[in-house]
Novice: 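The structure is given below, and queries will be raised subsequently.
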Amino acid sequence: MADRVYPRNYSPDQPTTKLTSENNNMAQNQGKPLPPPTGTYVVQIPKDQIYRIPPPENARRYEKLSRRNTRRNPCCCCFCWILSVILILILLAVIAAVAFFFIYKPKLPNYTVEDMSINGINLSGNFSSKSDLTVSPEFAVTVRAQNPNSRIGIYYEKGSAASVSHADTVLCSGGLPNFYQPRNNVTVFETMLKSPPVKLSKVAQDDLYIEQKKGQIPLGVDIKVHARVKAGSIRTWVFTIRVHCDVIVDKLAKDSKIVSKKCSVDPKFWKN
């Protein structure tokens with residue numbers, strides 16, 4: 001069904017004028033230009049052509065715009081593809097981690113300081129000195145490591161280290177042995193921690209002397225373990241376990257005894 005389009009000044013009561021080819025020929029034979037058309041015209045255009053077919057002067061532009069809209073940017077396609085691959089890999093990693101935790105139920109290892117023997121720090125007769133005291137401390141620290149996992153073994157890799165400090169002063173440091181700890185195992189090992197000559201200020205000397213007189217010398221033991229987990233035939237990457245122990249000894253001597261101890265474990269899922 002076609003629509004009819006009327007001029008704005010159209011009135012249904014106005015008479016209509018019909019132009020014929022005979023009138024056109026007469027006007028051309030007389031050499032006179034055709035007068036402007038008057039009256040009412042009825043233009044019939046199918047609806048599908050009004051909405052779907054552009055005018056001839058805009059057909060080429062319409063075709064160009066249509067091709068541009070349907071054509072995809074290759075950079076955009078590449079970015080979407082890379083993003084999809086990354087998301088899939090992340091999803092697979094999450095699924096694998098959840099399955100690992102569900103099947104093996106990993107637990108953190110436990111660490112504690114069992115014994116400590118101290119050499120190279122002699123405060124007798126020096127507490128009244130007004131100058132700094134140079135010491136060369138040596139600590140023999142016995143550490144107890146427990147692996148509570150029933151399906152997971154732990155490799156202690158190279159680069160593991162420990163240090164002993166008093167207040168903000170590091171007294172000595174050294175490495176830890178490399179070994180494999182099987183599941184449900186307790187391993188006790190001793191490590192020797194040494195240091196080049198260290199200068200103790202007058203304040204540090206006085207504090208150590210007063211604490212030794214009380215029989216309570218607070219020391220901090222920091223352990224950094226580079227470990228690798230073995231679960232079945234799977235071996236993980238090397239990650240770091242940081243252990244901090246607050247230890248109180250009765251004196252700075254070879255036969256020192258531990259009064260109290262408390263350790264905390266902080267795992268890092270990367271090597272640092």
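Numbers here simply count residues along the sequence, with the first being 1.
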Novice: Kindly say whether Val229 contributes a backbone atom to a donor-acceptor pair with the side chain of Thr236 at under 3.5 angstrom?
Specialist: yes
Novice: Do the side chains of Ile210 and Ile217 join up, straight or via other hydrophobic residues, at under 4.5 Å, putting them in one cluster?
Specialist: no
Novice: Measure the spacing between CG of Asp250 and CG of Asp255 and express it to the nearest 0.5 Å.
Specialist: 7.5 Å
Novice: Quick one: hydrophobic cluster around Trp270, which other residues, with the 4.5 Å side-chain cut-off, linked directly or via members?
Specialist: Phe269
Novice: Closest heavy-atom contact between Thr134 and Pro197?
Specialist: CG2-CB, 3.7 Å
Novice: Remaining members of Leu91's ILVMFWY cluster at a side-chain heavy-atom cut-off under 4.5 Å?
Specialist: Ile95
Novice: Does any pair with a residue in residues 262-272 pass salt bridge (Lys or Arg N to Asp or Glu O under 4.0 Å), and if so which ones, sequence neighbours excluded?
Specialist: Asp266-Lys268
Novice: Who pairs with Thr240 by side-chain hydrogen bond (donor to acceptor under 3.5 Å, both in side chains), at least two apart in sequence or on another chain?
Specialist: Asn272
Novice: Strictly by salt bridge (Lys or Arg N to Asp or Glu O under 4.0 Å), give each pair with a member in residues 135-156 just once, sequence neighbours left out.
Specialist: none
Novice: For Thr187, enumerate each residue passing the side-chain hydrogen bond (donor to acceptor under 3.5 Å, both in side chains) test, keeping only those at least two apart in sequence or located in another chain.
Specialist: Asn185
Novice: Treating Ile, Leu, Val, Met, Phe, Trp and Tyr as nodes and any side-chain heavy-atom pair under 4.5 angstrom as an edge, say whether Met192 and Val225 lie in one connected cluster.
Specialist: no
Novice: Output all residues satisfying side chain to side chain contact (heavy atoms under 4.5 Å, CB included) with Ser173, sequence neighbours left out; order by chain, then residue number.
Specialist: Ser163
Novice: First locate atom OG of Ser256, then atom CG of Asp115, and finally report the distance between them rounded to the nearest 0.5 Å.
Specialist: 7.0 Å
Novice: For residues 99-111, tabulate all N or O donor-acceptor pairs below 3.5 Å that involve a side-chain atom, not counting sequence neighbours.
Specialist:
| residue | atom | partner | partner atom | Å |
| --- | --- | --- | --- | --- |
| Asn110 | ND2 | Gln146 | OE1 | 3.4 |
| Tyr111 | OH | Tyr156 | OH | 2.8 |

Novice: What's the spacing between Leu176 CG and Thr191 OG1 if we round to 0.5 Å?
Specialist: 5.0 Å
Novice: Taking all non-hydrogen atoms of both residues, which atom of Gly215 and which atom of Val259 are closest, and how far apart?
Specialist: O-CG2, 3.9 Å
Novice: Identify the two heavy atoms, one from His244 and one from Gly220, that lie closest to each other, and give their separation to 0.1 Å.
Specialist: CE1-CA, 4.3 Å
Novice: Is it the case that one hydrophobic cluster holds both Val85 and Phe79, taking links as side-chain heavy atoms less than 4.5 Å apart, direct or via other members?
Specialist: no
Novice: Looking at Ser84 and Cys80, would you say the former's side chain and the latter's main chain have a donor-acceptor pair under 3.5 Å?
Specialist: yes
Novice: Testing Val243, Val247, Leu219, Thr142 one by one against Val113 for a side chain to side chain contact (heavy atoms under 4.5 Å, CB included), which residue passes?
Specialist: Val247
Novice: Would Val186 end up clustered with Ile223 when hydrophobic side chains under 4.5 Å apart are linked, directly or stepwise?
Specialist: no
Novice: Distance from Asn147 atom CG to Ile154 atom CD1, nearest 0.5 Å?
Specialist: 4.0 Å
Novice: What pairs of residues pass the salt bridge (Lys or Arg N to Asp or Glu O under 4.0 Å) test when at least one of them lies in residues 221-246, not counting sequence neighbours?
Specialist: Glu157-Arg228
Novice: For the CG atom of Asp207 and the OG1 atom of Thr169, what is their distance to the nearest 0.5 Å?
Specialist: 9.5 Å
Novice: Do Ile258 and Ile248 belong to the same hydrophobic cluster, where Ile, Leu, Val, Met, Phe, Trp and Tyr are linked whenever their side-chain heavy atoms lie under 4.5 Å apart, directly or via other members?
Specialist: no
Novice: Can you list the residues that meet the side-chain hydrogen bond (donor to acceptor under 3.5 Å, both in side chains) rule with His166, with sequence neighbours excluded?
Specialist: Glu211
Novice: I would like to know whether Arg183 and Ser150 meet side chain to side chain contact (heavy atoms under 4.5 Å, CB included); could you show each step before the answer?
Specialist: CA-CA 5 Å; Arg183 56 190 181 181; Ser150 58; 5.6 Å; no
Novice: Which ILVMFWY residues can you reach from Leu92 by hopping between side chains whose heavy atoms are under 4.5 Å apart?
Specialist: Ile88
Novice: Can you see which heavy atom on Ser160 is nearest to which on His226, and at what distance?
Specialist: OG-N, 3.0 Å
Novice: Clusters formed by hydrophobic residues whose side-chain heavy atoms approach within less than 4.5 Å: which one holds Tyr155, and what are its other members?
Specialist: Tyr180
Novice: How about NZ on Lys194, more than 12 heavy atoms from neighbouring residues, nucleotides or ligands closer than 6.0 Å, or not?
Specialist: no
Novice: Return yes if some donor-acceptor pair links the side-chain N/O of Glu114 with the main-chain N/O of Val188 below 3.5 Å, else return no.
Specialist: no
Novice: Please find the pair of heavy atoms, one from Pro137 and one from Phe139, that lie closest to each other, and give the distance.
Specialist: CB-CE1, 3.8 Å
Novice: Working to the nearest 0.5 angstrom, can you tell me the gap between Asn119 CG and Cys172 SG?
Specialist: 10.5 Å
